[in-house]
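Have a look at the structure below, then the notes.
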Amino acid sequence: MAAERNEPLRLGSIAPNFQADTTKGPIDFHEFIGDNWVILFSHPEDYTPVCTTELGEMARLEPEFSKRGVKLIGLSANTLGSHEGWIDDIKEVTGSQVNFPIIADKERKVAYLYDMIDYQDTTNVDEKGIAFTIRSVFFIDPKKTIRAILSYPASTGRNSAEILRVIQSLQTGDKHKVTTPINWVPGDDVIVHPSIKGDEATKLFPNLRAVKPYLRFTPLPEID
């Protein structure tokens, strides 16, 4: 397969559609998204230590994502049969059952489509010398728009709490016309969006606290 890179995916891009085999059966990705938020996250390879800990933790947290209308779907550059055996290992090692689908992407078709391929670590390759994927995370909204992207090298495990926090921030911003400051977690004050001016801001946010004309904080009801 040629290693030519597709046009880069940016925030605001429509998530490319694809068909793939997964541990839960064949999918059309846009049909899988439906009217939900989706987190698509890639793994370099099955039966690897960091990936095993990550998938176990995401499986443990799946109910937290589900109650926010978020579907999880993983990807690893191995076959369906390999994935199925690996899921048993994940259960044994972490105690968590992986119930969300994992895409079988041995040929890297989805990985190339989403530019998940490792161009940095020359050791992150399979037995044929083909680059494995990096640890990419795509946050996709119900309109199939990419809202956030995280990328980690193969050597660095992701922070599952941060993945959940990003979803909470995006959903809070969409619902309340706010943005979230550094280190925000649900229950903290948020920032009134700069597009909300004057009387509209005080009407929407009666407890608004203006530090500067461009920096206005307000409390919100805590989100579960």
Side-chain angles (χ1 to χ4, degrees), residues 1-44 54-55 58 61-62 64-78 80 83 99-120 130-153 158-160 162-180 184 193-196 223:
M1 176 184 294
E4 295 180 2
R5 303 178 76 164
N6 294 311
E7 287 296 315
L9 295 176
R10 297 184 172 93
L11 303 189
S13 297
I14 297 299
N17 195 26
F18 59 85
Q19 291 74 42
D21 291 327
T22 81
T23 52
K24 297 298 182 180
I27 64 161
D28 175 280
F29 189 52
H30 280 189
E31 291 181 1
F32 174 81
I33 294 171
D35 296 323
N36 304 281
W37 287 77
V38 166
I39 295 177
L40 167 64
F41 55 104
S42 61
H43 297 271
E54 287 187 320
L55 271 172
M58 292 298 283
L61 288 176
E62 186 178 16
E64 292 297 318
F65 290 100
S66 294
K67 73 181 184 181
R68 294 171 174 84
V70 181
K71 297 170 76 173
L72 302 179
I73 183 166
L75 176 149
S76 188
N78 296 93
L80 199 56
H83 288 355
N99 293 315
F100 52 81
I102 303 175
I103 296 165
D105 197 33
K106 178 70 172 176
E107 302 302 319
R108 319 293 199 272
K109 291 179 180 179
V110 179
Y112 279 113
L113 183 64
Y114 276 77
D115 199 16
M116 298 171 172
I117 295 297
D118 196 337
Y119 290 88
Q120 172 181 268
I130 301 173
F132 280 126
T133 53
I134 55 174
R135 302 185 192 283
S136 296
V137 187
F138 290 86
F139 299 78
I140 301 165
D141 71 15
K143 295 180 180 179
K144 302 174 180 61
T145 302
I146 295 173
R147 298 290 298 278
I149 303 171
L150 302 174
S151 295
Y152 299 74
R158 285 163 280 211
N159 186 318
S160 59
E162 174 64 3
I163 294 172
L164 182 59
R165 191 188 77 93
V166 170
I167 276 288
Q168 292 170 310
S169 172
L170 292 170
Q171 293 182 338
T172 298
D174 286 357
K175 182 177 181 180
H176 295 286
K177 300 181 181 179
V178 297
T179 59
T180 55
W184 174 87
H193 195 280
S195 66
I196 309 300
I223 299 177

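Any value given below was found using the heavy atoms of this structure, including those in side chains, with hydrogens, waters and symmetry copies removed.
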**Message:** Around atom NZ of Lys144, are there more than 12 heavy atoms from other residues, nucleotides or ligands closer than 6.0 Å?
**Reply:**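 More than 12 within 6.0 Å, yes.
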I'd like to check the side-chain hydrogen bond (donor to acceptor under 3.5 Å, both in side chains) partners of [X]; sequence neighbours left out, ordered by chain and number.
{"X": "Thr22", "answer": "none"}
{"X": "Thr23", "answer": "none"}
{"X": "Asp174", "answer": "Arg147"}
{"X": "His193", "answer": "Ser195"}

Taking the side chain from [X] and the backbone from [Y], do they hold a donor-acceptor pair closer than 3.5 Å?
{"X": "Asn36", "Y": "Val38", "answer": "no"}
{"X": "Asn17", "Y": "His30", "answer": "yes"}
{"X": "Asp28", "Y": "Gln19", "answer": "no"}
{"X": "Glu64", "Y": "Leu164", "answer": "no"}
{"X": "Thr145", "Y": "Asp141", "answer": "no"}
{"X": "Ser42", "Y": "Ser136", "answer": "yes"}

When rounded to the nearest 0.5 angstrom, what is the spacing between [atom1] in [X] and [atom2] in [Y]?
{"X": "Ile146", "Y": "Phe139", "atom1": "CD1", "atom2": "CZ", "answer": "12.0 Å"}
{"X": "Arg158", "Y": "Ser151", "atom1": "CZ", "atom2": "OG", "answer": "9.5 Å"}
{"X": "Glu162", "Y": "Arg165", "atom1": "CD", "atom2": "CZ", "answer": "4.0 Å"}
{"X": "Asp105", "Y": "His83", "atom1": "CG", "atom2": "NE2", "answer": "8.0 Å"}
{"X": "Ile163", "Y": "Met58", "atom1": "CD1", "atom2": "CE", "answer": "4.5 Å"}

Non-hydrogen atoms of [X] and [Y] that approach each other most closely:
{"X": "Leu75", "Y": "Ala111", "value": "CD1-N, 4.5 Å"}
{"X": "Gly74", "Y": "Phe100", "value": "N-CD1, 4.2 Å"}
{"X": "Tyr114", "Y": "Phe138", "value": "O-CZ, 3.4 Å"}
{"X": "Ile102", "Y": "Ser76", "value": "CG2-N, 4.2 Å"}
{"X": "Leu11", "Y": "Ala148", "value": "CD2-CA, 3.5 Å"}
{"X": "Lys71", "Y": "Phe32", "value": "NZ-O, 2.5 Å"}

Taking the side chain as C-beta and beyond, is there a heavy-atom pair between [X] and [Y] under 4.5 Å?
{"X": "Ile39", "Y": "Trp37", "result": "no"}
{"X": "Ile27", "Y": "Ile73", "result": "yes"}
{"X": "Tyr112", "Y": "Glu107", "result": "no"}
{"X": "Glu54", "Y": "Arg135", "result": "yes"}
{"X": "Asp115", "Y": "Leu9", "result": "no"}
{"X": "Asn99", "Y": "Glu62", "result": "yes"}

**Prompt:** How far apart are the C-alpha atoms of Phe29 and Ile140, what are their side-chain angles, what is the distance that settles it, and do they pass the side chain to side chain contact (heavy atoms under 4.5 Å, CB included) test?
**Reply:** CA-CA 11 Å; Phe29 189 52; Ile140 301 165; 3.7 Å; yes
**Message:** Which residues pass the side-chain contact (heavy atoms from CB on, under 4.5 Å) test with Lys175, not counting sequence neighbours?
**Reply:**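 With sequence neighbours excluded, Lys175 shows a side-chain contact (heavy atoms from CB on, under 4.5 Å) to no residue whatsoever.
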**Request:** Report the residues that fulfil side-chain contact (heavy atoms from CB on, under 4.5 Å) with Ala20, sequence neighbours left out, ordered by chain and then residue number.
**Result:**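 Scan of Ala20 (side-chain contact (heavy atoms from CB on, under 4.5 Å), adjacent residues dropped) gives Phe18, Ile103.
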**Request:** Measure the acute angle between the ring planes of His43 and Phe41, then classify it against the limits of 30° and 60° as parallel, tilted or perpendicular.
**Result:**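 Taking Phe41 first and then His43, their aromatic rings stand perpendicular (interplane angle over 60°).
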